[in-house]
Amino acid sequence: MSGTPQDAGPGEPAKHGLPELIAERRAKAARLREADAESFPYAFAGVEPIAGVVEAYEHLADGEETEEHHRVAGRLAARRGSGGAAFLDVVDRTGKLQLHARRDVLGEEAFERLTSLDIGDLIGVDGAALRSKRGEISLRVDRFQVLAKALRPPPDKHGGLSDVETRYRRRELDLIASEPARRLFIDRAKIVSAVRGYLDGQGFVEVETPVLQPLYGGALARPFTTHHNALERTLYLRVATELYLKRLLVGGLERVYELGKDFRNEGVSTKHNPEFTMVEFYEAYADYGDVAVRLEELVRAAAAAVGYAGEIDFARTWRRVSFVAAIDEATGIDLASVRDADALRKAISERELQIRTQDATWAQMADDLLSKFVEPGLVQPTFVLDYPVALSPFAREHRSLPGLVERWEAFAGGMEIANAFSELNDADAQRERFEAQRAAAEGGDEEAQPYDELFVQALEQGMPPAGGVGVGIDRLVMLLTGRDSIREVVLFPAMRD
RNA sequence: GCCCCGUUAGCUCAUCUGGUAGAGCGCCGGACUUUUAAUCCGGUGGGGCGGGUUCGAGUCCCGCACGGGGCACCA
């Protein structure tokens, strides 16, 4: 780091580029250390949240002062006025409070020290509540302590930080500059908490299963690969928690869930981050219809937790439509009568639909039709039911519709938010599905499931019939907070170096 | 991986066909004892990186890096 005050030789003109701004602030910090032994304490006890202080004085009339004292702390966000009186805005995680500094109250020295602070500095304040003549609830500063110095200038105090790259790479600056950004991540925490609260309340047991796995599985995705030195073996970062959680159903936990990160080595987009948060929950003695109701309740609870007031109606029972009917509605192709790849390829080209048909299987094309022509239109929450078996190696065959499995995906806001099945609990059938995946892998499908013998053996112990659901938490947050990019709702999204 | 767009001061943005790069905020100095993006006076700071064309490049050309949007892949 260059640009200390000493670097500027005598007689050189003063400059105010970034190095000079930092040097200026560093010099102020040094002066503070000299002038005020109480600066930069190790702690500042007894701080009240700002929002609570403001709320307590709503009743004050303009210009009315009190002798009721409060202690607050936070970051200096703005400064107005000078001479004998100054106004400073201090911000904490709950809100913003105006400070009224007066020379006659603080005395010459302290007043100068306070008004020469930089925006961005962290201060602790003791003062009496008042409402200013202009109507702003404020604290008259009686005493203050500088808690920490900001050596670097903060983003523009009213323009804020709008460069998206800086907002994502330097999220702390985004949070300093943007109250909506702070609120968003607090809302995210409330959503996560509501999800846990719902599942806990229904008797689900929260568990933690390996992130580092000798064999990955549970989702059609390419994994990240890593290496354990002492064990001398390749490990994979999990792509899903599914298989371990179902082993816990075998173990008798009956209702289990895990909320945590999954990792998929695929592209990034406005809807995909390589690491993302998923909650998966499994319920013994339930089928995919039962867990659909669970998802409705869970999302309703999450929406309530953040006071969702958007256009999506989570209160009603969600629409349910079959996979085949949904595609028929959107494209006019009836998959029930177009049952092989060549016929489907022909139907797609006849309608001039923009779908990749080269080297594609029937199932892949069907899935493409859904994601391209159905999904974007599903704004109100909708379950799409009963998928082709080839797309779903862990779902149980449909009880009445041959060739299909009991699976649904839930969509809202034009986006997939959850995926669920009546779980396949027949060990022999599961073994056959793995064989089919192995064949797909040998055919070059990099997302095919590796054969997991331990999982099959677990099923051979007997797994209760069960319904299982995976919910993308990031997408749920996007949905409930109205953000259109996953990078907006992940604190530190994946970025190129 | 492909296509389009962007990158100028600490922050937010300008800069017509190539001709000495501007503003607001911030910061520094000064005035002001109820301001709300406080105000007023003075000062301060800059062309992503690497090549090329040209008397002269922020501006034109090529390459690179990073970002945004879209496509492909996926959740």
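Worth saying up front: this structure is predicted, and the values here are computed from it rather than measured. A, B, ... follow the sequence lines: proteins, then strands. Residue 1 opens every chain.
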**OP:** Between Arg496(A) and Asp367(A), just flag the one whose closest nucleotide in RNA chain B comes earlier from the 5' side.
**Re:** Arg496(A)
Roughly how far apart, to the nearest Å, are [N] and [M] at atom [atom1]?
N	M	atom1	answer
U34(B)	C16(B)	P	46 Å
U36(B)	C41(B)	C1'	22 Å
C40(B)	G67(B)	C1'	41 Å
U15(B)	A21(B)	P	16 Å
G1(B)	C73(B)	C1'	10 Å
G29(B)	A65(B)	C1'	41 Å
G42(B)	C25(B)	P	13 Å
A14(B)	G48(B)	P	15 Å

Salt-bridge test for [X] and [Y]: reply yes if a basic N is under 4.0 Å from a carboxylate O, no otherwise.
X	Y	answer
Arg75(A)	Asp121(A)	no
Glu165(A)	Arg167(A)	no
Glu172(A)	Arg152(A)	no
Glu442(A)	Arg438(A)	no
Glu266(A)	Arg222(A)	no
Glu24(A)	Arg26(A)	no

Subject >> Aromatic ring pairing Phe394(A)/Phe455(A), orientation class (parallel under 30°, perpendicular over 60°, tilted between) >> reply: perpendicular
Original post:
Angle class for the Tyr308(A)/Phe314(A) ring planes (parallel below 30°, perpendicular above 60°, tilted otherwise)?
Top reply: perpendicular
Whole-Å distance separating the [atom1] atom of [X] from the [atom2] atom of [N]:
X	N	atom1	atom2	value
Phe394(A)	A75(B)	CZ	P	13 Å
Glu112(A)	C28(B)	CD	P	13 Å
Ile486(A)	A75(B)	CD1	C1'	8 Å
Glu242(A)	A75(B)	CD	P	12 Å
Asp118(A)	G26(B)	CG	C1'	10 Å
Leu151(A)	G10(B)	CG	C1'	14 Å
Ile176(A)	C11(B)	CD1	P	13 Å
Arg25(A)	G10(B)	CZ	P	13 Å

Using a heavy-atom cut-off of 4.0 Å across all strands, would you classify [X] as base, sugar-phosphate, or nothing?
X	answer
Ile417(A)	nothing
Gly470(A)	nothing
Met278(A)	nothing

**OP:** Just name whichever nucleotide pairs with C27(B), Watson-Crick or G-U, keeping both distances under 3.5 Å, else none.
**Re:** G43(B)
**OP:** Using both distances under 3.5 Å as the test, list the Watson-Crick or G-U wobble partner of G67(B), or none.
**Re:**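 Paired with C5(B).
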**OP:** Look at the side chain of Lys28(A) and decide which nucleotide, out of C27(B), A75(B), C28(B), has an atom nearest to it.
**Re:** C28(B)
**OP:** Could you please name the option among G10(B), A75(B), G68(B) that lies closest to any side-chain atom of Met495(A)?
**Re:**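 The nucleotide sitting nearest to the side chain is G68(B).
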With 3.5 Å as the limit, what N/O pairs link the protein to nucleotides 69-73 of chain B?
residue: G69(B); atom: OP2; partner: Arg487(A); partner atom: NH1; Å: 3.0
residue: A72(B); atom: OP1; partner: Lys372(A); partner atom: NZ; Å: 2.9
residue: C73(B); atom: OP1; partner: Arg356(A); partner atom: NE; Å: 3.0

Original post:
Would you say Arg169(A) reaches G67(B)'s phosphate, i.e. side-chain N/O to OP1/OP2 under 4.0 Å?
Top reply: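 Checking G67(B) against Arg169(A), a side-chain N or O does come within under 4.0 Å of OP1 or OP2.
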Original post:
Does the ring center of Tyr257(A) lie less than 6.0 Å from the ring center of Phe281(A)?
Top reply: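 They do not qualify: ring centres at least 6.0 Å apart.
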Subject >> Gap separating the CG atom of Asp367(A) from the CD atom of Glu375(A), nearest 0.5 angstrom >> reply: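 Interatomic distance, Asp367(A) CG to Glu375(A) CD, rounded to 0.5 Å: 9.0 Å.
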Original post:
Taking Gln98(A) as the fixed residue, which of Glu136(A), Arg134(A), Arg131(A), Arg80(A) is the one that meets the side chain to side chain donor-acceptor pair (under 3.5 Å) rule?
Top reply: Arg80(A)
Original post:
Can you give one letter per nucleotide of nucleotides 33-42 of chain B, going 5' to 3': B for a protein heavy atom under 4.0 Å from the base, S for sugar-phosphate only, - for none?
Top reply: BBBBBB----
